[in-house]
Amino acid sequence: MCGIVACIGKRRAAPILLDGLKKLEYRGYDSAGIAVSEGGAVVLARRKGAVSQLEFARAYPGTMGIGHTRWATHGAPCERNAHPQTCGRIFLVHNGILENAAALKKECREQGEVFASDTDTEVAAHLIDRYFREGGDLLHAVWSACRQLVGSYAFAVIAEGREEIVCARRHSPLVVAKGDGEAYAASDLGAVAGAGRTACVMEDGEFARLTQEGIALFDADLASVVRDFFPAGEEAAAPEKGTFRHFMRKEIAQVPLAVENTLSGLQNQDISKLIEVLCQTKYLHVVACGTAYHSGLCFKYAAEKLSRVPTEVFLASEYRYADPVLPDHTLTIAVSQSGETADTLAAGQLAGERGSPVVAVTNVEHCSLNRIADFVVPTCAGQEVAVAATKSFNAQLAALYYLAVALARGRGMRAPSLAGLPVLTHEALLAGEGVAAWTPYFTVARSAFFLGRGADRCAAIEGSLKLKEISYLPSEGYAAGELKHGTLALVDARTPVVAVVCDETLADKTMNAVHEVYARGAPVFLVTPFEELARSEQVTASVLIPRCEPAFSPMLSVIPLQLLAYHVALALGRDPDKPRNLAKSVTVE
Ligand code: G6P
């Protein structure tokens, strides 16, 4: 998926587009492009690589344009596959996937049309160009083309000789905003917010025409629709690294604040209706992807332990096609940092259709997931820039543990307080710095293992994901007791093993696995609050984190693992903020 931006007004478009694209780079950064219209002629600039490669185009004249930052789906990341894609007088940017692109291209080719790229998007430009030449109306041409498209799209389209931008949305996010004599569109609000502006999140199936005079919205039949615009005056300040070398490192340092803000935000918010529904719930389902899925696993452990309510955690991409069984009185919690992940959105929607109330746990106020949910539980991590989720994971845990505690207490059970967690995360952060010394064992490794039992296993899986996504070192998070049933065959002296041991009742069992890998020559690293375990002769090095209620311990134990991934990535010369092939928000299937 990708980020798109468009603007029309009195000011020069190129700087607005480039600054907007920088705010959207979390959605992809393998190539970028803009098209700017000046006196009816459109100038195109596209480059492989990050948005910064387009700085040469900042001086382009023209007050209308479109821009794109790409995460390749169809076609390798290169200049000719970068957007805007073009055909005839049409230029367009696209976020989404056109599933019938191959069939449509074949049809176009049979009529003698030639394609310049490998993208699915180009075929939309061909169709729009065809209808535009026939009818001369850009909005109608885009609408006609969209009727032929299967899949997901957020489009912004311009045509040579026209002072208007036409947008269309289906299953990909798109926000429009207007100010004094100017109009904007973008994949997220942050890229279009600004002093004196108002904005509106387009609905699926809607079209928009942007001109200097304002924004006209249309439904799927092109009938005019009137929508409320909300103030969008807070221009999101471009996040800064400050004294840190990378956003990821800064965001790990912000974990205690993220946890504190999330907990105090929930304490100060009236969520009594949600708590009421929660306490009547017989089954809890969590749907999520990536790191958010791992926070769901941690929640399952805490919720079942504290409240005894059966809790299932589903990968949203599996759930949506699994014909899931939702018993009566099931509450579904959809967890997503961005609130835009296509699979999580679809899973939440499906749960709602099957009669379950849906709770969105998200970090972005005006996101799509919040709009389809019955209840919203905000995480207050602040904007997260690095692709690898860190502080947002801890903030998700804070919010989910809050619900687990409320549920337990609502059912008349005792549950520990969460009040100490912000301070404890701070202590874990200080202690976690010790992992920098482990780095040499990982830079020469062939692969790594992260082991744990119970809640520790959940932290281990997330630690493993962090390492592989930013260092590219093959790594697995595994149930400590399961290792011996096959996976142990992979362990040798070049396989560092990190064991997470925070639950005293399971410590001896996990240490059995430590003995087993040690016996095969693996260097062993421990994340634990227990000093005597850290002193074991099998342990190469350890980080001592504070003790806390075992059900909540991933909140602390994950911090050294986040730092480990960061240090290993740095030592291997990777960019921890922008790992290859990944994007922060995945709005396609
Ligand atoms: C992408 C990101 C992951 C993230 C996942 C889910 O794959 O690279 O870091 O965990 O999406 O994102 P969400 O916004 O739904 O939490």
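Both ligands and their constituent atoms are indexed starting at 1 by order of listing.
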Please tabulate protein-ligand N/O pairs under 3.5 Å for ligand 1, atom names and distances to 0.1 Å.
from	atom 1	to	atom 2	distance (Å)
ligand 1	8 (O)	Ala583	O	2.9
ligand 1	9 (O)	Val387	O	3.3
ligand 1	10 (O)	Thr291	N	2.9
ligand 1	12 (O)	Thr341	OG1	3.4
ligand 1	14 (O)	Ser336	OG	3.3
ligand 1	14 (O)	Gln337	N	3.4
ligand 1	14 (O)	Ser338	N	2.8
ligand 1	14 (O)	Ser338	OG	2.6
ligand 1	14 (O)	Thr341	OG1	3.4
ligand 1	15 (O)	Ser336	OG	2.6
ligand 1	15 (O)	Thr341	OG1	2.4
ligand 1	16 (O)	Gln337	N	2.7

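Counting non-hydrogen atoms of neighbouring residues, nucleotides and ligands closer than 6.0 angstrom, the CZ atom of Arg371 exceeds 12 such neighbours. The number of heavy-atom neighbours closer than 6.0 Å to NE2 of His74, taken from other residues, nucleotides and ligands shown, is above 12.
When each of Arg46, Arg47, Lys48 is checked for a salt bridge (Lys or Arg N to Asp or Glu O under 4.0 Å) with Glu79, only Arg47 meets the rule.
In this model, no donor atom of one side chain and acceptor atom of the other lie less than 3.5 Å apart for Thr487 and Glu476.
Phe247 has its ring centre no less than 6.0 Å from the ring centre of Tyr26. The six-membered or imidazole ring of His285 lies near that of Phe314, with a centre-to-centre distance under 6.0 Å.
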